[in-house]
Amino acid sequence: MSKRISKHQDIDRFNVTDILANAIIEGMQEKKASDIVSLDLRNVENSIADIFIICHAESRVHVEAIARSVEEFVFKFLQQEPEHKEGRENAEWILLDYFDVVVHVFIKEKRDYYNLESLWGDGELQQIAQS
């Protein structure tokens, strides 16, 4: 973990995190993802990321299309690739880890089962309007 050098750099990091989150959300909206939420974990002690962005789809093909769209939008706006990817094999839950922001694209049944929103209930939940 890096040392905090100045308050100004911390503000810049939050801005980049928010820009990243917005690009992710746009990628989800482009492919008509369902029930998009942003779960801000920046004030949660020992959280594994700053923000989780969660959505779901009704089919595995749609899950894959949403994840691919997210990657395309993030690369287009920030030239950034995910640090880690998981779940493409069965496309029931694809995770894209951008370090500060972690993307979860679920098939509806898996989202209901894992219920990340309640698991990280201390975070600030924001429902994202469909575009």
Side-chain angles (χ1 to χ4, degrees):
M1 187 170 292
S2 62
K3 264 188 190 175
R4 181 181 292 173
I5 296 171
S6 74
K7 199 172 200 174
H8 181 70
Q9 283 182 331
D10 202 30
I11 291 169
D12 288 344
R13 186 178 69 80
F14 278 108
N15 288 338
V16 170
T17 299
D18 291 335
I19 292 167
L20 174 59
N22 286 333
I24 290 165
I25 290 166
E26 285 186 43
M28 289 176 169
Q29 289 172 329
E30 176 72 15
K31 293 299 179 183
K32 309 291 187 230
S34 297
D35 195 18
I36 303 169
V37 298
S38 173
L39 188 56
D40 191 326
L41 304 169
R42 288 179 273 209
N43 293 320
V44 176
E45 193 173 329
N46 298 320
S47 67
I48 59 174
D50 288 345
I51 300 173
F52 279 179
I53 300 178
I54 306 165
C55 72
H56 71 265
E58 298 299 324
S59 73
R60 291 179 175 145
V61 171
H62 193 197
V63 167
E64 177 61 40
I66 293 166
R68 193 171 34 255
S69 180
V70 166
E71 288 185 86
E72 289 169 2
F73 269 72
V74 170
F75 192 80
K76 177 182 174 182
F77 291 113
L78 296 165
Q79 289 73 52
Q80 188 174 346
E81 297 282 344
E83 294 290 321
H84 185 73
K85 305 176 196 181
E86 283 188 37
R88 283 234 156 86
E89 306 79 41
N90 61 18
E92 292 181 347
W93 176 4
I94 295 178
L95 180 141
L96 303 173
D97 184 353
Y98 287 96
F99 192 69
D100 291 333
V101 182
V102 178
V103 178
H104 301 272
V105 184
F106 286 97
I107 196 159
K108 181 155 181 22
E109 296 78 28
K110 293 293 180 182
R111 182 178 187 176
D112 292 343
Y113 179 79
Y114 288 104
N115 197 5
L116 292 184
E117 292 95 322
S118 69
L119 183 64
W120 290 92
D122 292 344
E124 181 182 327
L125 186 70
Q126 177 186 3
Q127 188 73 38
I128 308 299
Q130 299 297 92
S131 63

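Everything numeric here is computed off the predicted structure, so don't read it as measured data. Throughout, residue positions are numbered sequentially from 1 according to the sequence presented.
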* State the NZ-CD distance between Lys32 and Glu58, to the nearest 0.5 angstrom. => 15.5 Å

* Roughly how far, to the nearest 0.5 Å, is CG of Leu20 from CG of Asn15? -> 12.5 Å

* Those residues that, when tested against Glu92, pass salt bridge (charged side-chain N to carboxylate O under 4.0 Å, His left out) (two or more places apart) -> Arg60, Lys110

* To do: Starting at CD of Glu72, measure out to NZ of Lys31 and round the result to the nearest 0.5 Å.
  => 7.0 Å

* Structure fact -> Taken in chain and number order and not counting sequence neighbours, the residues that satisfy side chain to side chain contact (heavy atoms under 4.5 Å, CB included) with Asn46 are none

* To do: Treating Ile, Leu, Val, Met, Phe, Trp and Tyr as nodes and any side-chain heavy-atom pair under 4.5 angstrom as an edge, say whether Val101 and Ile128 lie in one connected cluster.
  => yes

* To do: State which residues pass side chain to side chain contact (heavy atoms under 4.5 Å, CB included) with Ala33; sequence neighbours excluded, sorted by chain then number.
  => Met28, Ile36, Cys55, Ile66

* Write out all pairs satisfying salt bridge (charged side-chain N to carboxylate O under 4.0 Å, His left out) with one or both partners inside residues 119-129, taking only residues at least two apart or from two chains. => none

* Would you please name every residue forming a side chain to side chain contact (heavy atoms under 4.5 Å, CB included) with Glu81, sequence neighbours left out? => Glu71, Phe75

* Are Ile54 and Phe73 joined in one hydrophobic group, where the rule is that I, L, V, M, F, W and Y side chains link up if heavy atoms are under 4.5 Å apart? -> no

* Asked: In terms of hydrophobic clustering (I, L, V, M, F, W, Y; side-chain heavy atoms under 4.5 Å; direct or indirect links), are Leu96 and Ile51 co-clustered?
  -> yes

* Single-linkage hydrophobic cluster Ile94~Ile53, side-chain heavy atoms < 4.5 angstrom -> yes

* Asked: Is Ser47 reaching over with its side chain to a backbone N or O of Leu41, donor-acceptor style, under 3.5 angstrom?
  -> yes

* Structure fact -> When every non-hydrogen atom of Ala129 is compared with those of Gln29, the smallest separation belongs to O-NE2, 2.8 Å

* Asked: salt bridge (charged side-chain N to carboxylate O under 4.0 Å, His left out) with Asp35: which residues, sequence neighbours excluded?
  -> Arg111

* Counterpart residues, ring pair (Phe, Tyr, Trp, His ring centres under 6.0 Å), relative to Tyr114 (two or more places apart) -> Trp93

* Who are the side-chain hydrogen bond (donor to acceptor under 3.5 Å, both in side chains) partners of Glu83, not counting sequence neighbours? -> none

* Give every residue pair that meets the ring-ring contact (aromatic ring centres under 6.0 Å, His included) criterion with at least one member in residues 22-45, sequence neighbours excluded. => none

* Other residues, nucleotides, ligands: >12 heavy atoms within 6.0 Å of Asn43 CG -> no

* **From CG (Asp97) to CD (Glu86), nearest 0.5 Å** => 8.5 Å

* Asked: Quick one: ring-ring contact (aromatic ring centres under 6.0 Å, His included) pairs with a partner in residues 18-47, sequence neighbours left out?
  -> none

* **Contact summary for Val102 and Ala49, nearest pair of heavy atoms** => CG2-CB, 3.7 Å

* Rounded to the nearest 0.5 Å, how far apart are CD1 of Ile48 and CZ of Phe99? -> 11.0 Å

* Euclidean distance, Gln127 CD relative to Glu117 CD, rounded to 0.5 Å -> 8.5 Å

* To do: With sequence neighbours excluded, tell me which residues meet side chain to side chain contact (heavy atoms under 4.5 Å, CB included) with Tyr113.
  => none

* Please answer: with hydrophobic residues joined when any side-chain heavy atoms are less than 4.5 Å apart, are Tyr98 and Leu116 in the same cluster? => no

* Structure fact -> Residue pairs meeting ring-ring contact (aromatic ring centres under 6.0 Å, His included), one or both in residues 24-56, sequence neighbours left out, come to Phe52-His104, Phe52-Trp120

